[in-house]
Chemist: 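I have a structure I would like to understand better, so I am pasting it below and will then ask my questions one at a time.
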Amino acid sequence: MNLIKMPEDVNHPRRRFLSTAAMAITATQFGMLGSAKAEARVETATETAPVKPGTNTSFSSMKQIDAGLLNVGYAEAGPADGPAVILLHGWPYDIYSFVDVTPVLAAAGYHVIVPYLRGYGSTSFLSSATMRNAQQSAVGLDIIALMDALKIQKATVAGFDWGARTADVMAVLWPERCKSIVSVGGYLISSPEGNQVPWPPEPAFLFWYQYYFATPVGKAGYAKYLDQFNKFIWHQASPKWNFDDATYNRTAASFNNPDHVDIVMHDYRWRLGLADGERKYDDLEKQLAALPVVTVPAITMEGDSNGAIHAPSTAYRSKFSGKYDYRLITGGVGHNMPQEAPQAFAQAVIDADRLG
């Protein structure tokens, strides 16, 4: 995740400059500035049963399965013969981002799978010799392996943050496995080479945590202050979300995974070209570095109070060539879209499935 948190003592013109610069950074990294017509839409229609954030605090069924390099922990709900939906979280979050979305989709007849990504919760590596690698292609392959293990040929894949990036990756590398996708934040595929553009000091400070993670003291600091660090990120990324300690603590338990710190460090160091990947993923990463177009049906979403750095929808519109919709969710919704606005997110999943 990339944050756009402005210090309170920065004057308003400067705050506007920094926000604009941050948007430009993201769009330029994708090579998409000026690439699309203006588009904005506020989604207000509701077909799902009303659900308030925080209604649910647990999942009805938790399971484990060997899949690829991992033993994956996942929540499951809904009829086994229903259309498959896979919900993917990001950092620093976990499956509880979807605790209110899951029963809505299950009630609508979907077979819902919500896995812990590598480095989170009860998901573990099958071998101690496997590199603790968080390359975008590796995480995408994890979900393909999970689908294979569960005998799911095709699914609607929906996520935010790392999960949205993974949905994008799956859609371009394995479109035959994706009926449709929901991607909060739009097109999030990138490459280490594409992230080498140097930036002036003011916009660069928005990436503070990535630069912090690039150092040994940053890794040690994250491990030592894990709870404080991630709660701080939650407040920055969703400045209007008034979550309570119980909500945070349910997710924070997943950060106790023994591989969590290594996975998070590798993700952000690899993005900046400061950590190597594995050669077996080179061909996939070469494909992704070309920033291929998503051809499967897609809905992209954004919250009106997202404190994480994100490109305007017009910057990535041309990266989606199939059936498409964009939704701006209002009311103070931040970065953790499915947990802050579960009804809107669930409706987007249902609508994306219909697009497919």
Side-chain angles (χ1 to χ4, degrees), residues 43 45-68 70-89 93-117 120-123 140 142-160 163-164 166-167 170-171 174-184 250 254 296-299 301 323 325 327 337-339 341-356:
E43 175 59 25
T46 300
E47 296 180 24
T48 58
V51 57
K52 292 178 61 178
T55 298
N56 299 281
T57 59
S58 63
F59 292 92
S60 60
S61 176
M62 293 297 303
K63 298 182 178 181
Q64 298 285 144
I65 192 169
D66 287 350
L70 305 172
N71 177 263
V72 179
Y74 65 99
E76 184 175 32
D81 60 351
V85 169
I86 299 176
L87 305 177
L88 302 175
H89 68 84
Y93 307 94
D94 80 334
I95 65 172
Y96 280 93
S97 289
F98 303 103
V99 72
D100 288 321
V101 172
T102 297
V104 173
L105 295 176
Y110 290 93
H111 181 203
V112 186
I113 303 295
V114 194
Y116 285 109
L117 299 185
Y120 295 81
S122 60
T123 291
D142 288 345
I143 308 307
I144 294 295
L146 177 62
M147 292 175 68
D148 289 343
L150 295 174
K151 297 180 170 52
I152 296 173
Q153 181 56 37
K154 204 167 192 176
T156 292
V157 183
F160 72 106
T166 303
M170 293 173 65
W174 304 283
E176 71 281 1
R177 307 300 297 273
C178 299
K179 183 177 182 182
S180 58
I181 67 169
V182 175
S183 179
V184 176
R250 277 190 289 273
S254 72
V296 306
I299 292 177
M301 308 179 73
K323 296 178 182 178
D325 191 19
R327 299 180 179 184
M337 171 82 71
Q339 199 161 6
Q343 188 164 316
F345 189 87
Q347 186 65 55
V349 173
I350 292 170
D351 292 344
D353 173 67
R354 292 171 180 168
L355 287 178

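Just so it is clear, the values below take in all heavy atoms, side chains as well, and ignore hydrogens, waters and symmetry mates.
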Chemist: Could you tell me the separation between the CG atom of Leu88 and the CD1 atom of Ile95, rounded to the nearest 0.5 Å?
Modeler: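 Leu88 atom CG to Ile95 atom CD1 measures 12.0 Å (nearest 0.5 Å).
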Chemist: For Arg250, give me all partners under salt bridge (charged side-chain N to carboxylate O under 4.0 Å, His left out), at least two apart in sequence or on another chain.
Modeler: none
Chemist: Looking at every heavy atom in both Lys323 and Leu355, which two are closest together, and how far apart are they?
Modeler: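 Heavy atoms of Lys323 and Leu355 come nearest at CD-O, 3.3 Å.
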Chemist: Indicate every side-chain donor-acceptor pair of residues 143-153 with a distance under 3.5 Å to a residue at least two apart or in another chain.
Modeler:
unit_1	atom_1	unit_2	atom_2	d
Asp148	OD1	Arg177	NH1	3.0
Asp148	OD1	Arg177	NH2	2.9

Chemist: Does any pair with a residue in residues 71-80 pass side chain to side chain donor-acceptor pair (under 3.5 Å), and if so which ones, sequence neighbours excluded?
Modeler: Lys63-Glu76, Gln64-Asn71, Asp66-Asn71, Glu76-His111
Chemist: Can you see which heavy atom on Phe345 is nearest to which on Ala158, and at what distance?
Modeler: CZ-CB, 3.7 Å
Chemist: When you compare the side chain of Ser180 with that of Val296, does any pair of heavy atoms fall below 4.5 Å?
Modeler: no
Chemist: What are the two closest heavy atoms between Ala84 and Lys154, and how far apart are they?
Modeler: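 Answer, listing the atom of Ala84 first, then Lys154: CB-O, 3.8 Å.
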Chemist: Within this structure, what is the CD-CG distance for the pair Gln339 and Asp94, rounded to the nearest 0.5 Å?
Modeler: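 Result: 8.0 Å between the selected atoms.
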Chemist: For the pair Thr123 (side chain) and Val72 (backbone), establish whether a donor and an acceptor sit closer than 3.5 Å, ignoring hydrogens and angles.
Modeler: no
Chemist: Any donor-acceptor pair under 3.5 Å linking the side chain of Thr102 with the backbone of Phe98?
Modeler: yes
Chemist: Closest approach of Pro175 and Ala171, non-hydrogen atoms and distance?
Modeler: CB-O, 3.3 Å
Chemist: I'd like to check the side chain to side chain contact (heavy atoms under 4.5 Å, CB included) partners of Ala164; sequence neighbours left out, ordered by chain and number.
Modeler: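 Checked Ala164 against side chain to side chain contact (heavy atoms under 4.5 Å, CB included); matches are Ser183, Leu188.
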Chemist: If a pair satisfies salt bridge (Lys or Arg N to Asp or Glu O under 4.0 Å) and one of its residues is in residues 78-87, list it, with sequence neighbours excluded.
Modeler: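 Checked against salt bridge (Lys or Arg N to Asp or Glu O under 4.0 Å) - neighbours excluded - no pair reaches residues 78-87.
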Chemist: Rounded to the nearest 0.5 Å, how far apart are NE2 of His89 and CZ of Phe160?
Modeler: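 So the gap between those two atoms works out to 8.0 Å.
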Chemist: For the atom pair OG1 (Thr156) and CG (Asp353), what is the distance rounded to the nearest 0.5 Å?
Modeler: 4.5 Å
Chemist: Going from CG on Leu105 to CD on Gln347, what distance comes out if it is rounded to the nearest 0.5 angstrom?
Modeler: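 Taking CG in Leu105 and CD in Gln347, the distance rounds to 9.5 Å.
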Chemist: List the atom of Ala167, the atom of Ile181, and the distance in Å for their closest heavy-atom pair.
Modeler: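 So the two residues come closest at O-CG2, 3.9 Å.
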Chemist: At their closest point, which heavy atom of Gly140 faces which heavy atom of Trp174, and how far apart are they?
Modeler: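 So the two residues come closest at C-CZ3, 4.0 Å.
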Chemist: Quick one: side chains of residues 51-60, donor-acceptor pairs under 3.5 Å with protein atoms, not counting sequence neighbours, listed by atom name and distance.
Modeler:
unit_1	atom_1	unit_2	atom_2	d
Thr55	OG1	Lys52	N	3.4
Thr55	OG1	Lys52	O	2.5
Asn56	ND2	Asp100	OD1	2.9

